[in-house]
Protein chains: 2
Amino acid sequence: MNIGRAAKISGVSPKMIRYYEQTGLIPKAARQDSGYRDYDDADVHRLRFIRRARDLGFTVEQIGELLGLWSDRSRASADVKAFALGHIDRLKKKVAEIEAMVRTLETLADHCHGDDRPDCPIIEGLAEEGGATPHLEPRQPRRFGRSGGQ
Amino acid sequence: MNIGRAAKISGVSPKMIRYYEQTGLIPKAARQDSGYRDYDDADVHRLRFIRRARDLGFTVEQIGELLGLWSDRSRASADVKAFALGHIDRLKKKVAEIEAMVRTLETLADHCHGDDRPDCPIIEGLAEEGGATPHLEPRQPRRFGRSGGQ
DNA sequence: GATGGGGCTTGCCATCGTGGCAAGGTCAAT
DNA sequence: ATTGACCTTGCCACGATGGCAAGCCCCATC
(Lines give C-alpha, C1' and ligand atoms only; values in the text may rest on other atoms or scores of the structure.)
Protein backbone atom coordinates (compact mmCIF):
# COMPACT_ATOMS: atom_id res chain seq x y z
CA MET A 1 0.00 0.00 0.00
CA ASN A 2 1.17 3.53 -0.83
CA ILE A 3 2.23 6.05 1.75
CA GLY A 4 -0.84 8.19 1.14
CA ARG A 5 -3.18 5.35 1.89
CA ALA A 6 -1.19 4.35 4.98
CA ALA A 7 -1.29 7.97 6.08
CA LYS A 8 -5.01 8.23 5.66
CA ILE A 9 -5.88 5.13 7.62
CA SER A 10 -3.25 5.64 10.32
CA GLY A 11 -3.83 9.32 10.85
CA VAL A 12 -0.15 10.14 10.38
CA SER A 13 0.71 12.46 7.50
CA PRO A 14 3.00 11.20 4.73
CA LYS A 15 5.48 13.85 5.71
CA MET A 16 5.61 12.57 9.24
CA ILE A 17 5.85 8.96 8.16
CA ARG A 18 8.94 9.80 6.14
CA TYR A 19 10.30 11.79 9.04
CA TYR A 20 9.81 8.91 11.45
CA GLU A 21 11.58 6.63 9.03
CA GLN A 22 14.41 9.08 8.55
CA THR A 23 14.98 9.51 12.26
CA GLY A 24 14.89 5.78 12.86
CA LEU A 25 11.69 5.67 14.88
CA ILE A 26 10.32 3.17 12.40
CA PRO A 27 12.34 0.86 10.16
CA LYS A 28 12.94 1.73 6.54
CA ALA A 29 9.83 0.95 4.59
CA ALA A 30 9.78 -1.74 1.93
CA ARG A 31 9.72 -0.44 -1.61
CA GLN A 32 7.53 -1.30 -4.57
CA ASP A 33 9.12 -1.76 -7.99
CA SER A 34 8.30 1.84 -8.68
CA GLY A 35 10.36 2.99 -5.75
CA TYR A 36 7.25 3.95 -3.80
CA ARG A 37 7.23 3.02 -0.13
CA ASP A 38 5.13 -0.03 0.58
CA TYR A 39 3.20 -0.51 3.82
CA ASP A 40 1.32 -3.46 5.20
CA ASP A 41 -1.19 -3.71 8.02
CA ALA A 42 1.48 -4.20 10.64
CA ASP A 43 3.15 -0.95 9.55
CA VAL A 44 -0.13 0.89 9.74
CA HIS A 45 -0.77 -0.62 13.12
CA ARG A 46 2.53 0.75 14.35
CA LEU A 47 1.78 4.15 12.86
CA ARG A 48 -1.52 4.29 14.63
CA PHE A 49 0.25 3.41 17.87
CA ILE A 50 2.61 6.30 17.26
CA ARG A 51 -0.23 8.64 16.47
CA ARG A 52 -2.03 7.85 19.67
CA ALA A 53 1.11 8.22 21.71
CA ARG A 54 1.67 11.65 20.14
CA ASP A 55 -1.88 12.57 21.03
CA LEU A 56 -1.06 11.73 24.61
CA GLY A 57 1.83 14.13 24.56
CA PHE A 58 4.76 11.74 24.30
CA THR A 59 7.75 13.04 22.40
CA VAL A 60 9.05 11.08 19.46
CA GLU A 61 11.96 9.91 21.55
CA GLN A 62 9.65 8.63 24.24
CA ILE A 63 7.59 6.88 21.61
CA GLY A 64 10.75 5.06 20.62
CA GLU A 65 10.88 3.70 24.13
CA LEU A 66 7.19 2.87 24.05
CA LEU A 67 7.65 0.94 20.84
CA GLY A 68 10.44 -0.95 22.55
CA LEU A 69 8.18 -1.76 25.47
CA TRP A 70 5.43 -2.75 23.07
CA SER A 71 7.53 -5.27 21.21
CA ASP A 72 9.33 -6.56 24.28
CA ARG A 73 7.19 -9.52 25.17
CA SER A 74 9.19 -10.14 28.34
CA ARG A 75 9.07 -6.78 30.01
CA ALA A 76 6.95 -6.31 33.13
CA SER A 77 3.75 -4.29 33.04
CA ALA A 78 5.28 -2.38 35.95
CA ASP A 79 7.88 -0.99 33.55
CA VAL A 80 5.21 0.41 31.29
CA LYS A 81 3.27 1.75 34.22
CA ALA A 82 6.31 3.53 35.62
CA PHE A 83 6.90 5.11 32.24
CA ALA A 84 3.31 6.26 31.99
CA LEU A 85 3.31 7.58 35.53
CA GLY A 86 6.45 9.56 34.84
CA HIS A 87 4.79 11.11 31.84
CA ILE A 88 1.71 11.95 33.85
CA ASP A 89 3.95 13.75 36.31
CA ARG A 90 5.55 15.80 33.58
CA LEU A 91 2.18 16.72 32.16
CA LYS A 92 0.88 17.74 35.55
CA LYS A 93 3.93 19.89 36.10
CA LYS A 94 3.25 21.65 32.85
CA VAL A 95 -0.36 22.15 33.80
CA ALA A 96 0.73 23.68 37.09
CA GLU A 97 3.05 26.07 35.27
CA ILE A 98 0.39 27.25 32.90
CA GLU A 99 -2.12 27.56 35.68
CA ALA A 100 0.28 29.78 37.56
CA MET A 101 0.44 32.02 34.50
CA VAL A 102 -3.32 32.06 34.32
CA ARG A 103 -3.64 33.01 37.97
CA THR A 104 -1.18 35.84 37.59
CA LEU A 105 -2.90 37.13 34.49
CA GLU A 106 -6.32 36.86 36.07
CA THR A 107 -5.14 38.78 39.08
CA LEU A 108 -3.78 41.47 36.84
CA ALA A 109 -6.89 41.53 34.69
CA ASP A 110 -9.15 41.71 37.72
CA HIS A 111 -7.47 44.90 38.76
CA CYS A 112 -7.86 46.46 35.35
CA HIS A 113 -11.07 48.39 35.02
CA GLY A 114 -11.05 47.82 31.28
CA ASP A 115 -12.52 51.12 30.24
CA ASP A 116 -11.41 53.75 27.76
CA ARG A 117 -8.88 55.35 30.05
CA PRO A 118 -5.26 54.42 29.48
CA ASP A 119 -3.94 53.45 32.89
CA CYS A 120 -3.83 49.71 33.21
CA PRO A 121 -2.53 47.47 35.99
CA ILE A 122 -1.81 44.70 33.50
CA ILE A 123 0.77 46.69 31.61
CA GLU A 124 2.01 48.17 34.86
CA GLY A 125 2.42 44.71 36.28
CA LEU A 126 4.68 43.83 33.39
CA ALA A 127 6.53 47.10 33.47
CA GLU A 128 7.01 47.67 37.14
CA GLU A 129 10.38 47.71 38.79
CA GLY A 130 9.61 45.08 41.37
CA GLY A 131 10.27 41.35 41.43
CA ALA A 132 8.47 38.51 39.73
CA THR A 133 5.23 40.09 38.70
CA PRO A 134 2.24 40.95 40.78
CA HIS A 135 2.16 42.17 44.29
CA LEU A 136 -1.54 42.52 43.93
CA GLU A 137 -3.95 40.30 45.74
CA PRO A 138 -5.41 37.48 43.73
CA ARG A 139 -9.14 37.62 43.14
CA GLN A 140 -9.82 35.30 46.01
CA PRO A 141 -7.36 35.52 48.91
CA ARG A 142 -5.95 32.23 47.81
CA ARG A 143 -2.21 32.28 48.09
CA PHE A 144 0.01 30.75 45.48
CA GLY A 145 3.70 30.03 45.49
CA ARG A 146 5.35 31.71 42.58
CA SER A 147 8.51 29.67 43.08
CA GLY A 148 10.80 30.14 40.15
CA GLY A 149 10.64 30.49 36.42
CA GLN A 150 13.78 28.74 35.33
CA MET B 1 26.44 49.27 29.92
CA ASN B 2 27.55 46.03 28.23
CA ILE B 3 25.18 43.35 27.08
CA GLY B 4 26.31 40.96 29.79
CA ARG B 5 25.46 43.40 32.51
CA ALA B 6 22.10 44.23 30.92
CA ALA B 7 21.43 40.53 30.64
CA LYS B 8 22.21 39.89 34.27
CA ILE B 9 20.02 42.61 35.67
CA SER B 10 17.16 42.08 33.21
CA GLY B 11 17.11 38.32 33.37
CA VAL B 12 17.31 38.00 29.59
CA SER B 13 20.34 36.16 28.22
CA PRO B 14 22.74 38.00 25.89
CA LYS B 15 21.83 35.56 23.18
CA MET B 16 18.19 36.40 23.48
CA ILE B 17 18.81 40.12 23.62
CA ARG B 18 20.64 39.92 20.29
CA TYR B 19 17.85 37.76 18.93
CA TYR B 20 15.19 40.24 19.98
CA GLU B 21 17.16 42.99 18.33
CA GLN B 22 17.65 40.98 15.16
CA THR B 23 13.97 40.18 14.82
CA GLY B 24 12.97 43.76 15.47
CA LEU B 25 11.26 43.22 18.80
CA ILE B 26 13.56 45.83 20.28
CA PRO B 27 15.33 48.63 18.40
CA LYS B 28 18.96 48.30 17.42
CA ALA B 29 21.10 48.93 20.44
CA ALA B 30 23.44 51.90 20.61
CA ARG B 31 27.10 51.04 20.24
CA GLN B 32 30.12 51.97 22.28
CA ASP B 33 33.33 53.01 20.52
CA SER B 34 34.49 49.43 20.78
CA GLY B 35 31.50 48.20 18.82
CA TYR B 36 29.98 46.68 21.94
CA ARG B 37 26.25 47.15 22.35
CA ASP B 38 25.38 49.83 24.88
CA TYR B 39 22.30 49.67 27.10
CA ASP B 40 20.77 52.20 29.43
CA ASP B 41 18.20 51.82 32.17
CA ALA B 42 15.29 52.28 29.80
CA ASP B 43 16.58 49.41 27.65
CA VAL B 44 16.91 47.19 30.68
CA HIS B 45 13.45 48.18 31.76
CA ARG B 46 12.09 47.09 28.42
CA LEU B 47 14.01 43.83 28.62
CA ARG B 48 12.57 43.10 32.01
CA PHE B 49 9.12 43.77 30.61
CA ILE B 50 9.81 41.27 27.87
CA ARG B 51 11.13 38.74 30.33
CA ARG B 52 8.02 38.92 32.46
CA ALA B 53 5.77 38.67 29.46
CA ARG B 54 7.66 35.55 28.34
CA ASP B 55 7.21 34.11 31.82
CA LEU B 56 3.49 34.61 31.38
CA GLY B 57 3.55 32.57 28.20
CA PHE B 58 3.26 35.30 25.60
CA THR B 59 4.99 34.62 22.31
CA VAL B 60 7.57 37.04 21.04
CA GLU B 61 5.10 38.30 18.48
CA GLN B 62 2.52 38.96 21.16
CA ILE B 63 5.14 40.74 23.20
CA GLY B 64 5.62 43.04 20.24
CA GLU B 65 1.97 43.97 20.55
CA LEU B 66 2.30 44.36 24.29
CA LEU B 67 5.22 46.70 23.84
CA GLY B 68 3.07 48.69 21.46
CA LEU B 69 0.30 48.86 24.04
CA TRP B 70 2.81 49.81 26.69
CA SER B 71 4.17 52.76 24.78
CA ASP B 72 0.84 53.88 23.41
CA ARG B 73 -0.21 56.46 25.95
CA SER B 74 -3.57 56.91 24.30
CA ARG B 75 -4.85 53.36 24.10
CA ALA B 76 -7.67 52.26 26.36
CA SER B 77 -7.07 49.91 29.26
CA ALA B 78 -9.88 47.87 27.74
CA ASP B 79 -7.58 47.09 24.82
CA VAL B 80 -4.96 45.67 27.11
CA LYS B 81 -7.52 43.77 29.08
CA ALA B 82 -8.99 42.20 25.96
CA PHE B 83 -5.54 41.13 24.91
CA ALA B 84 -4.81 39.59 28.31
CA LEU B 85 -8.17 37.86 28.41
CA GLY B 86 -7.55 36.36 25.01
CA HIS B 87 -4.27 35.01 26.22
CA ILE B 88 -5.87 33.58 29.32
CA ASP B 89 -8.31 31.77 27.07
CA ARG B 90 -5.53 30.27 25.02
CA LEU B 91 -3.72 29.14 28.13
CA LYS B 92 -6.83 27.57 29.55
CA LYS B 93 -7.41 25.74 26.34
CA LYS B 94 -3.93 24.32 26.54
CA VAL B 95 -4.49 23.29 30.12
CA ALA B 96 -7.67 21.52 29.11
CA GLU B 97 -5.82 19.63 26.39
CA ILE B 98 -3.11 18.46 28.70
CA GLU B 99 -5.58 17.52 31.36
CA ALA B 100 -7.43 15.38 28.85
CA MET B 101 -4.17 13.55 28.19
CA VAL B 102 -3.63 13.10 31.89
CA ARG B 103 -7.11 11.69 32.38
CA THR B 104 -6.65 9.22 29.56
CA LEU B 105 -3.28 8.14 30.86
CA GLU B 106 -4.54 7.82 34.40
CA THR B 107 -7.42 5.69 33.25
CA LEU B 108 -5.04 3.47 31.40
CA ALA B 109 -2.60 3.31 34.29
CA ASP B 110 -5.37 2.51 36.75
CA HIS B 111 -6.18 -0.57 34.79
CA CYS B 112 -2.59 -1.73 34.70
CA HIS B 113 -1.75 -3.98 37.61
CA GLY B 114 1.89 -2.91 37.39
CA ASP B 115 3.42 -6.21 38.36
CA ASP B 116 6.08 -8.36 36.76
CA ARG B 117 3.78 -9.92 34.22
CA PRO B 118 3.92 -8.57 30.70
CA ASP B 119 0.32 -7.87 29.78
CA CYS B 120 -0.45 -4.23 30.15
CA PRO B 121 -3.58 -2.21 29.34
CA ILE B 122 -1.51 0.90 28.78
CA ILE B 123 0.35 -0.54 25.84
CA GLU B 124 -2.79 -2.26 24.68
CA GLY B 125 -4.65 1.03 24.81
CA LEU B 126 -2.09 2.52 22.47
CA ALA B 127 -1.96 -0.52 20.26
CA GLU B 128 -5.57 -1.48 19.96
CA GLU B 129 -7.50 -1.27 16.76
CA GLY B 130 -10.26 0.95 18.08
CA GLY B 131 -10.84 4.66 17.91
CA ALA B 132 -9.36 7.50 19.94
CA THR B 133 -7.89 5.61 22.82
CA PRO B 134 -9.58 4.19 25.84
CA HIS B 135 -12.92 2.59 26.06
CA LEU B 136 -12.20 1.87 29.67
CA GLU B 137 -14.03 3.54 32.49
CA PRO B 138 -12.23 6.38 34.18
CA ARG B 139 -11.19 5.81 37.76
CA GLN B 140 -14.14 7.59 39.30
CA PRO B 141 -17.39 7.76 37.39
CA ARG B 142 -16.79 11.45 37.05
CA ARG B 143 -17.83 12.61 33.65
CA PHE B 144 -15.64 14.98 31.76
CA GLY B 145 -16.15 16.82 28.52
CA ARG B 146 -13.74 15.27 26.08
CA SER B 147 -14.31 18.13 23.69
CA GLY B 148 -11.65 18.10 21.03
CA GLY B 149 -8.23 16.64 21.01
CA GLN B 150 -7.89 16.18 17.28
C1' DG C 1 -1.03 5.35 -27.62
C1' DA C 2 -0.92 9.80 -25.80
C1' DT C 3 -2.16 13.02 -22.44
C1' DG C 4 -3.48 14.77 -18.01
C1' DG C 5 -3.84 14.79 -13.22
C1' DG C 6 -2.78 13.09 -8.99
C1' DG C 7 0.41 10.59 -6.15
C1' DC C 8 5.07 9.54 -5.13
C1' DT C 9 10.22 10.58 -4.72
C1' DT C 10 14.07 13.50 -2.80
C1' DG C 11 15.86 17.70 -1.04
C1' DC C 12 15.76 22.09 0.83
C1' DC C 13 13.73 25.99 3.63
C1' DA C 14 10.85 27.84 7.51
C1' DT C 15 8.87 27.86 11.85
C1' DC C 16 9.87 29.31 17.42
C1' DG C 17 12.86 30.20 21.14
C1' DT C 18 16.89 28.81 22.77
C1' DG C 19 21.61 26.99 23.23
C1' DG C 20 26.27 26.04 21.50
C1' DC C 21 30.61 26.71 19.09
C1' DA C 22 34.27 29.14 16.51
C1' DA C 23 37.23 32.86 15.07
C1' DG C 24 38.35 37.12 16.07
C1' DG C 25 38.37 41.97 18.54
C1' DT C 26 38.37 44.52 23.29
C1' DC C 27 39.09 45.53 27.85
C1' DA C 28 40.98 45.40 32.41
C1' DA C 29 44.04 43.60 35.63
C1' DT C 30 48.33 41.69 36.68
C1' DA D 1 52.77 42.43 27.56
C1' DT D 2 50.20 38.67 28.60
C1' DT D 3 46.13 36.62 30.29
C1' DG D 4 41.38 35.85 30.89
C1' DA D 5 36.87 37.50 30.64
C1' DC D 6 33.92 39.69 27.74
C1' DC D 7 32.14 41.14 23.30
C1' DT D 8 31.37 40.62 18.08
C1' DT D 9 29.36 37.98 14.02
C1' DG D 10 27.98 33.83 11.87
C1' DC D 11 26.64 29.27 11.57
C1' DC D 12 24.48 24.79 13.33
C1' DA D 13 21.28 22.36 16.32
C1' DC D 14 17.04 21.00 18.58
C1' DG D 15 11.51 19.00 17.78
C1' DA D 16 7.80 18.32 15.09
C1' DT D 17 5.66 19.99 11.43
C1' DG D 18 4.48 22.30 7.02
C1' DG D 19 5.61 23.99 2.32
C1' DC D 20 7.65 24.09 -2.21
C1' DA D 21 10.07 22.37 -6.36
C1' DA D 22 11.73 19.21 -9.84
C1' DG D 23 11.12 15.06 -11.51
C1' DC D 24 9.23 10.21 -11.87
C1' DC D 25 5.09 6.84 -11.72
C1' DC D 26 0.48 5.19 -12.35
C1' DC D 27 -4.08 5.06 -13.98
C1' DA D 28 -7.95 6.57 -16.53
C1' DT D 29 -9.88 8.73 -20.25
C1' DC D 30 -9.84 10.09 -24.96
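Just so we're on the same page: letters track the sequence lines, and every chain starts at 1. All values below were derived from every heavy atom in this structure, side-chain atoms included, with hydrogens, water molecules and symmetry-related copies excluded. As the structure is a prediction and not an experimental result, all values here were calculated from the model.
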- Distance in angstrom units between A:Gln32 CD and D:dC24 P, rounded: 18 Å
- Query: Nucleotide by nucleotide, 5' to 3', does protein get under 4.0 Å of the base (B), only the sugar-phosphate (S), or neither (-) in nucleotides 6-17 of chain C, counting heavy atoms?
  - Reply: -BSBBBB----B
- Audit row: A:Glu99, B:Lys92, salt bridge (Lys or Arg N to Asp or Glu O under 4.0 Å) steps and yes/no: CA-CA 8 Å; A:Glu99 280 179 338; B:Lys92 284 186 170 174; over 6 Å; no
- Item | B:Asp89 bridged to B:Lys93 by N-O distance under 4.0 Å | no
- To the nearest Å, give me how far apart CD (B:Gln22) and P (C:dG19) are. 15 Å
- Integer-rounded Å distance: C:dT18 C1' and B:Asp55 CG: 14 Å
- Item | For atom CD1 of A:Ile50 and atom P of D:dG15, their distance in whole Å | 16 Å
- Take atom CE of B:Met1 and atom P of D:dC7, then tell me their distance rounded to the nearest Å. 12 Å
- Please name the pair of heavy atoms, one in B:Lys94 and one in A:Ile98, separated by the smallest distance, quoted to 0.1 Å. CG-CD1, 3.6 Å
- So, is A:Ser13 close to the D:dG18 phosphate, meaning a side-chain N or O under 4.0 Å from OP1 or OP2? yes
- Around atom CZ of B:Arg31, are there more than 12 heavy atoms of other residues, nucleotides or ligands at under 6.0 Å? yes
- Query: Is atom CD of A:Gln32 surrounded by more than 12 heavy atoms (other residues, nucleotides or ligands) closer than 6.0 Å?
  - Reply: yes
- If you measure only the distance, is there a donor-acceptor pair under 3.5 Å linking the side chains of B:Ser77 and A:Asp119? no
- Item | Separation of C:dG19 C1' from B:Ile17 CD1 (nearest whole Å) | 15 Å
